[in-house]
**Student:** 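This is the structure I want to talk about, given as structure tokens.
Chain A is the first sequence line, chain B the second, and so forth, proteins listed ahead of strands; every chain is numbered from 1.
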Protein chains: 2
Amino acid sequence: MEIKTKADKQSGLTDKVLKHFYFNDELSCAEVSEHLNKSIPLVAKAISELVADGFVIEQGYAQSSGGRRPLKYSIKPNAMYIVAVAMDQLSVRIGLFDLLNTPAVEVKSFELKLLNNDAALKTLIDYINKYIAGSGIAKENIAGIGIGMPGFINIKEGINYTYLDAGGNLCDYIGEATGLPVFIDNDSSLIALAEQRFGAAKAQKEVMVINLGWGIGLGMIINGKLFRGHDGFAGELSHIPLSEDGALCNCGKQGCLEAEASMLAVAEKAIAGIKEGKISSLKHIIDNPNKLAGDAIMEAANNGDHFAIDLLAEAGYKIGKALAILTHIMNPQTIVLSGRGARVGKILLAPIQQAMNKYCIPRLVGNTELKVSDLGFDAELVGAAVLVMENYNIEKV
Amino acid sequence: MEIKTKADKQSGLTDKVLKHFYFNDELSCAEVSEHLNKSIPLVAKAISELVADGFVIEQGYAQSSGGRRPLKYSIKPNAMYIVAVAMDQLSVRIGLFDLLNTPAVEVKSFELKLLNNDAALKTLIDYINKYIAGSGIAKENIAGIGIGMPGFINIKEGINYTYLDAGGNLCDYIGEATGLPVFIDNDSSLIALAEQRFGAAKAQKEVMVINLGWGIGLGMIINGKLFRGHDGFAGELSHIPLSEDGALCNCGKQGCLEAEASMLAVAEKAIAGIKEGKISSLKHIIDNPNKLAGDAIMEAANNGDHFAIDLLAEAGYKIGKALAILTHIMNPQTIVLSGRGARVGKILLAPIQQAMNKYCIPRLVGNTELKVSDLGFDAELVGAAVLVMENYNIEKV
DNA sequence: CATACTTTTTAAATTTTTTTAAAAAGTTTT
DNA sequence: AAAACTTTTTAAAAAAATTTAAAAAGTATG
């Protein structure tokens, strides 16, 4: 793995070419040259180095389009592996993927409460270490660990202001404890990254991705890149003032979207409804914690339960109103419904679209496509893997 | 003016250096090299060419900071002139500026109704031609004409979908009629450009600029550049749904910000209030058209009229609520109140900030600075000039 | 079915850019 | 006040990237 041509060190072209192969599949030298706006000799050199070092493999000749047949290359799936960790407030999922985003080891999950839990960070690190050790894959072959987590995150400093206080740089801390490079980002941002690189909005430049989880997150892609705002707090869709006198939010304000339309809010409404005597297959959820209730509601809705569907439709309409505002401001090409709640995306789609039609100027709503993610619950894991590869630096190897 | 080194043609560095001098004042060769991330020999060559061609002048030696004194350069103010046109729905202002944004000829304005006026385009062109002819400045010394106008504008095609139909490319059409390069953009976008280049948010990367005119416009600077969205319709702040059952907007919907808080809406409320017997120095406005009423209200408020101040405070609070939403989504460094309404910016500031404090998460509102423009009414003209210079291409001369 | 035209790849020649070195002009320290 | 260190500018050398040309491997056509 010693690649240290002076040329590469400066231009970093080999790196860009490697990433280009990670994000696209079969590509000829000429195509890469075109995409990267670099001359063919330069790209040819970079590719031959990558082939020599086992990052890229030849895939044989493709059909000719009227001339010499192009030799196609693609990423070598097992050249490296990536550890991806996807967290929410209550649980953690962890996976080990190859460069084709195929799981090399079974994805596992475990419960981990972030709020008021001083041991959370240690528990997380232990779990990651055990998972890697049990995978049978050598650390030398792992490019790094990507972690998506809820909370206000400062990427540069590696600090999560909401959870997991490490008294300093979280990446450094976890990195030392695991012996691998670590990269963290907000869960919704990673979901957006996944959708724009491998999902419903692939290669698009202006994309808004809604993370339907226990809360409602927003990941923004602007000009093809993650947008974070001046202080990293952009995308706080869930606390915009939606109604003047709505439910009380845990942020202290009233009428926030999150307090009205998140899965947790829906679960509360469901329990209240059942207690009032609503007929539903959801009767049993009264005794469950809200989290399980959320999952139960989604399942019931997918099975046709009227009460569950009504509750989701009500939430969807409110989300739609918020998306109308978002569309007015951002004029995105696509809005993707992703995250845990994507499994009821089809049910939410109609009321969301209805609200957007009502609250949006026709010109705007007509130009924005509303889609349900097909990455769904895996989006955050894929995003975490992408995060590692975006930061991976072949020259440093 | 024949600058045609092959080097320049390809890299366009001379161009970048010229623009750098336009946007900054005195600068040494070393500083330009630093800012532009180009080697000193390259920058030195570009500067000496610009000096030779009369675009840049030497400004003598500056203080040494411990070594050889740097030779400072600056743009030559009268190397070129720019025609700047600022339109709203009812009137046009036109000016001729040097490269220091100083008027070379008095700024003039005239009435021009855009709505349902087929002759508007011809009238505009006539006026521009007469203005240039009367200025005494030769066309060879004019870099181009920048025009800011209301409406949905497609920059690439040069089409304004709302006003001034030329049956094709407006820039080409006006360009042929005037014999000068023409560039158009939305009025609010140009105001934002002006504020980010020469105004209250100079050199900042994430800036939201509110254009307080007869309507309420928004110009967005993201990552240091104008953001327009996927179809060029981003920044439609004025029609976001703000209240469920508010005033009817001319867009057909209810409760839009524009229908509740624009100068025109304030004027209507003022007239209604006077008729109901409110005490105010504004009694006379009942007979005036809404536009004059708007100006009268602003003047009365600045003179301390209680009724006028109350009306503006009411509007400001609603604008503040919209800015709270905007802040949640965009997390800008600065929000600038600009455009015609900036003259009552101080009066609006308090209620806007009050609403933002109420409706924003503390972390967000604490990080965003709310400012009143000092460019004020001239912002659109400055923005139009900037537009010309951004598109100016020295190699094409 | 050979000739003309495409497209991709390899190689050589330029061009462009940056790095390094040296000179010029000052400031600071002993 | 001379020696040592800074900073800017100019000049020469080296490196990097692109352009041009040529070769290789096809397809289309008269």
Side-chain angles (χ1 to χ4, degrees), chain A residues 3-21 24-52 56-74 393-395, chain B residues 3-21 24-52 56-74 393-395:
Chain A
I3 305 175
K4 270 185 202 167
T5 318
K6 278 184 186 173
D8 299 332
K9 252 194 176 168
Q10 286 176 337
S11 71
L13 183 61
T14 316
D15 227 77
K16 278 182 196 151
V17 172
L18 174 64
K19 282 164 193 175
H20 202 66
F21 277 112
N24 302 273
D25 35 73
E26 291 194 355
L27 247 27
S28 73
C29 179
E31 285 169 322
V32 176
S33 163
E34 173 87 0
H35 297 168
L36 263 41
N37 267 307
K38 288 284 150 185
S39 68
I40 285 183
L42 225 50
V43 172
K45 200 179 118 207
I47 291 182
S48 68
E49 276 178 7
L50 288 168
V51 171
V56 164
I57 47 176
E58 297 186 359
Q59 289 284 13
Y61 292 95
Q63 278 299 95
S64 162
S65 60
R68 178 170 172 172
R69 279 158 43 188
L71 182 51
K72 293 271 185 170
Y73 301 87
S74 72
N393 201 325
I394 200 170
E395 271 94 42
Chain B
I3 304 174
K4 269 186 202 166
T5 318
K6 277 183 186 173
D8 298 332
K9 251 193 177 168
Q10 286 176 337
S11 71
L13 182 62
T14 315
D15 227 77
K16 278 182 196 151
V17 173
L18 174 63
K19 283 164 191 174
H20 202 66
F21 278 112
N24 302 274
D25 35 74
E26 291 193 355
L27 247 26
S28 73
C29 180
E31 285 170 322
V32 176
S33 164
E34 174 87 1
H35 297 169
L36 263 40
N37 267 308
K38 288 283 150 185
S39 68
I40 285 182
L42 225 50
V43 172
K45 200 180 116 206
I47 291 182
S48 69
E49 276 178 6
L50 287 168
V51 171
V56 164
I57 48 176
E58 296 185 359
Q59 290 285 15
Y61 292 94
Q63 279 297 95
S64 162
S65 60
R68 178 169 172 173
R69 280 158 42 188
L71 183 50
K72 293 270 185 170
Y73 301 87
S74 72
N393 201 324
I394 200 168
E395 271 94 41

**Student:** To the nearest Å, how far apart are A/I47 CD1 and C/dT10 P?
**Tutor:** 10 Å

**Student:** What residues, two or more places apart in sequence or in another chain, satisfy side chain to side chain donor-acceptor pair (under 3.5 Å) together with A/E26?
**Tutor:** none

**Student:** Using 0.5 Å steps for rounding, measure from the CD atom of A/Q59 to the CG atom of A/D25.
**Tutor:**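 The distance works out to 9.0 Å.
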
**Student:** Output yes when a side-chain donor or acceptor of A/D15 lies under 3.5 Å from a complementary backbone atom of A/N393, and no otherwise.
**Tutor:**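 Judged by distance alone, no pair lies under 3.5 Å.
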
**Student:** Nearest whole angstrom, please: distance from the P of D/dG26 to the CD of A/Q63.
**Tutor:** 11 Å

**Student:** Ignoring hydrogens and angles, tell me if any N or O in the side chain of A/E49 forms a donor-acceptor pair with the backbone of A/A46 under 3.5 Å.
**Tutor:** no

**Student:** Going by the salt bridge (charged side-chain N to carboxylate O under 4.0 Å, His left out) test, which pairs reach into residues 57-71 of chain B, not counting sequence neighbours?
**Tutor:** none

**Student:** Which side-chain N or O atoms in residues 33-41 of chain B pair as donor and acceptor under 3.5 Å with protein atoms at least two apart or in another chain?
**Tutor:**
{"from": "B/S33", "atom 1": "OG", "to": "B/K38", "atom 2": "O", "distance (Å)": "2.5"}
{"from": "B/H35", "atom 1": "ND1", "to": "B/H20", "atom 2": "NE2", "distance (Å)": "2.8"}

**Student:** So, using side chain to side chain contact (heavy atoms under 4.5 Å, CB included) as the criterion, who are the partners of A/A62 when residues are at least two apart?
**Tutor:**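 By the side chain to side chain contact (heavy atoms under 4.5 Å, CB included) rule, A/A62 matches A/P70, A/K72.
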
**Student:** Using the 3.5 Å cut-off, write out each protein N or O paired with an N or O of nucleotides 23-26 of chain C and the distance between them.
**Tutor:**
{"from": "C/dA25", "atom 1": "N3", "to": "B/R68", "atom 2": "N", "distance (Å)": "3.3"}
{"from": "C/dG26", "atom 1": "O4'", "to": "B/G67", "atom 2": "O", "distance (Å)": "3.4"}
{"from": "C/dG26", "atom 1": "N2", "to": "B/G66", "atom 2": "O", "distance (Å)": "3.4"}

**Student:** Within this structure, what is the NZ-to-C1' distance between B/K45 and C/dT17, rounded to whole angstrom?
**Tutor:**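 For the pair B/K45 NZ and C/dT17 C1', the rounded distance is 10 Å.
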
**Student:** Just how far is it from atom OG of A/S48 to atom OH of A/Y73, taken to the nearest 0.5 Å?
**Tutor:**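 Those atoms lie 7.5 Å apart.
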
**Student:** Please list, by residue number, the residues of residues 33-43 of chain B whose heavy atoms come closer than 4.0 Å to an atom of DNA chain C; answer none if no residue qualifies.
**Tutor:** B/K38, B/S39, B/P41, B/L42

